[in-house]
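One structure below.
Every chain is numbered from 1 and lettered A, B, ... according to where its sequence line falls, protein lines coming before strand lines. Remember, predicted model here, so these are calculated numbers, not experimental data.
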There are 2 protein chains.
Amino acid sequence: MSSSPSSSSRSRDGAGTDAKASSATGRPTIRDVSRLAGVSRMTVSRVISTPDLVLPATREKVQRAIDSLGYVPDRAAGSLSSRKTGFIALMLPTLTNANFAAVAHGITEVLRERDYHLLVAYTDYDTAEEERQMRALLARRPEAIVITGALHRRSANRMLLAADIPVIEVANLPSQPIEHAIGFSNYEVGRTAARYLIAKGFTRIGALAATPGETVTDHRGEERVRGFEEELAASGLSKDYVLRHGQAPVSFSHGSDAMAALLAAHGDVEAVFAVSDMSAVGAVMECQRRGVAVPEQVSIMGFGDFEIGREINPPLTTIHVDFRALGQRTGHLLLDILATGAQERAPQRIDVGLSLVERASVKGTKSS
Amino acid sequence: MSSSPSSSSRSRDGAGTDAKASSATGRPTIRDVSRLAGVSRMTVSRVISTPDLVLPATREKVQRAIDSLGYVPDRAAGSLSSRKTGFIALMLPTLTNANFAAVAHGITEVLRERDYHLLVAYTDYDTAEEERQMRALLARRPEAIVITGALHRRSANRMLLAADIPVIEVANLPSQPIEHAIGFSNYEVGRTAARYLIAKGFTRIGALAATPGETVTDHRGEERVRGFEEELAASGLSKDYVLRHGQAPVSFSHGSDAMAALLAAHGDVEAVFAVSDMSAVGAVMECQRRGVAVPEQVSIMGFGDFEIGREINPPLTTIHVDFRALGQRTGHLLLDILATGAQERAPQRIDVGLSLVERASVKGTKSS
DNA sequence: GTGAAAGCGCTAACAC
DNA sequence: GTGTTAGCGCTTTCAC
């Protein structure tokens, strides 16, 4: 493997000057490539990032060296020097939720093309984890950060501001966004559901949500019930049928349990809005088991338009938000911001809206 | 902010010597902290990573400087120097699947404590994405890599080997693992399902799977049908009822569609194994819609033990694997390997096994 | 079109 | 206990 000295002593440094031993890790470095190709490290760097600035002959020579060594540039070293890490931070309550997973998926799809990498952190709805996760995320020097819903700790918020990177809030649309926001109003979701059920002529209208906990809270879900309750109140209807039951995250079994509890307490309930389709599906199943006909005896609707809702019998009426598209839009805004050069971009506030999907689980729908 | 010269010229360099201007990014560096605290950068570094080696008085002084500046160490710079990135790579087919999300979740839970970060990449079942994703992952110099199922491209495999880091295969248990493997045999899942249905006395037994595609293939699902078919053949039963339909990833609607197709082609089918609970649930719903009684007319079972299976009516018989625990075990093995010092650890091959969960969707179960 | 020098922000190794 | 020196593997900047 010793390179035979060339006949003339060349002034280019390539194989000669940069004669340091190869790295201890065994993984080839840019230096190994430069030596093998007989060019400087800078030329190797150019072949990788700006190949057009390199003569085709040189480029091929370098490329062969790269291939034969199986060289993969170390991005950490590159970042340190270029001050661009290629990381985008994403902070979620959980990944074990199809909608949040869809957001992450949508963002990734878009960022992938530009070689950005998503750094995902999740709090499991635990506000105490926020600060830890935020610190860990910021230590990787993301070029921007995407968060879902508001932060709930001042400390986490302070860190976020101090980081001085673009912030995008997704899947929730605060009236006063930190900077950019793409999403919809959870509060409006609740109001929309209530208005819909009221318009259908129901008067004993309930809801199924999680109990807000000390540390573990589904803030978005809670906002939905809040909107729901206020609309009920605005129409002079009772909130007695609104049930907060169990802990976040809500799931199918949450819906079954909560529905059972609601039927036990208020057997005369006519219509129910569950803050998530997961709960709504559980509620429908519970009704089936109890011989309570849906929608003849009880109408049920949910939120999220999860695939399962389309499949059950009767199909679930729900409120739809396209989370994957939300992720994709977020990805595009991100690329836009990062290309435009950081803070030049005026804060965006994009409401992707909601749509009510009428299916057969609510009485009085054409399809039911 | 100018520091007044102290009465004596001290030999410690702290505030004096390290007098370079603060960084261009605006974010404080270790140098800013050291200056403010009047100590060397090394002392700051120690306060962060090995506080016990620093005098309490010094430590507090430094901590105050850290807090007042809002300093968050740059891990990229740290990695470069220490050669420990704190990254674990995870390569999945998709995150939009509760079981894979659960694996990621389980790993994260464990690694979190040690400040390791999971770097997730997904291929969307596209084997062509493998190489790209693998390269991007390795460029971040993960200390270990976790992959689900085998890699399908030689190029990706070569890169993996060249990276020379611990490899753990999860959720699939190849007979010849690359190195470590934690999981179960998908092939056995299929055989178990077939044996179960055969033992129940059925003879016209079908399956619902995806069609293997050119680029998009659910290899794990395909292995499950393969095992299923072989067991059928071993008992001299026909494979005519085994249906490969639609594209991966399978979903609820895949199950509905496939079940409809199966009933159309072979109305006399007695029992069906769907390669995923998602499909199985879709199949049950389709039967309900068609007035085909489950399990009286057709028995249905799935794989994965998704929560929804427990909730539907009748509850779904399935094969259970605890994916979150799988993730947690993977996390612990990872910590073990990384602590033991890389390659010292003998390759582990851990079969977490399967369990058949009998519920009411198969005829002849006590509960049905 | 290519190269040399300098340095990104941190820590390993060794002084004292 | 704390400081100094010397890099980690890249890219920026500027020279030629």
Legend entry - Atom pair distance, as rounded to whole Å: CG in B:Leu80 and P in D:dT11: 12 Å
Legend entry - Side-chain heavy atoms of A:Tyr122 within contact of A:Glu129, under 4.5 Å: no
Inset, instruction - Could you tell me whether a side-chain N or O of A:Ser45 sits under 3.5 Å from a main-chain N or O of A:Arg41, the two making a donor and an acceptor? - result: no
Legend entry - Among D:dG9, C:dG3, C:dC10, the nucleotide that comes nearest once only the side chain of A:Ser40 is considered: C:dG3
Inset, instruction - Rounded to 10°, tell me the angle between the two end axes of the helix from C:dG1-D:dC16 to C:dC16-D:dG1, each built from five pairs. - result: 30°
Legend entry - Length of the CG-P vector between B:Leu53 and D:dT2, whole Å: 10 Å
Legend entry - Gap separating the CG atom of B:Leu334 from the NE2 atom of B:His332, nearest 0.5 angstrom: 10.5 Å
Inset, instruction - For A:Thr50 and A:Asp52, indicate whether the former's side chain and the latter's backbone hold a donor-acceptor pair under 3.5 Å. - result: no
Legend entry - Check: A:Phe87 ring centre within less than 6.0 Å of B:Phe87 ring centre: yes
Inset, instruction - Specify the separation, in whole Å, of atom CG of B:Asp74 and atom C1' of D:dC8. - result: 13 Å
Inset, instruction - Using the closest heavy atom to pick a nucleotide of DNA chain D for each, name whichever of B:Asp52 or A:Val72 lands nearer the 5' end. - result: B:Asp52
Inset, instruction - Indicate for each nucleotide in nucleotides 11-16 of chain C, in 5' to 3' sequence, whether protein heavy atoms under 4.0 Å reach the base (B), only the sugar-phosphate (S), or nothing (-). - result: BBB---
Inset, instruction - Using only side-chain N and O atoms of A:Thr58, determine if any of them is under 4.0 Å from OP1 or OP2 of C:dG1. - result: no
Inset, instruction - Let me know the distance between CD of A:Glu60 and C1' of C:dG1, rounded to the nearest Å. - result: 15 Å
Inset, instruction - To the nearest Å, give me how far apart CZ (A:Arg31) and C1' (D:dG7) are. - result: 10 Å
Legend entry - Side-chain (A:Arg141) to main-chain (A:Leu138) donor-acceptor, under 3.5 angstrom: yes
Legend entry - Distance in angstrom units between A:Arg140 CZ and C:dC10 P, rounded: 13 Å
Inset, instruction - Determine: side-chain N/O of A:Arg83 to OP1/OP2 of C:dG9, distance under 4.0 Å, yes or no. - result: yes
Inset, instruction - Using atom types as modelled and distance alone, determine if a side-chain donor or acceptor of B:Thr108 lies under 3.5 Å from a backbone N or O of B:Leu118. - result: no
Legend entry - Validation row: A:Val62, A:Val54 side chains within 4.5 angstrom (heavy atoms): no
Legend entry - Carboxylate-amine/guanidinium contact A:Asp67 A:Arg64, below 4.0 Å: no
Inset, instruction - Calculate the interatomic distance between B:Asp32 atom CG and C:dC8 atom C1'; express it in whole Å. - result: 14 Å
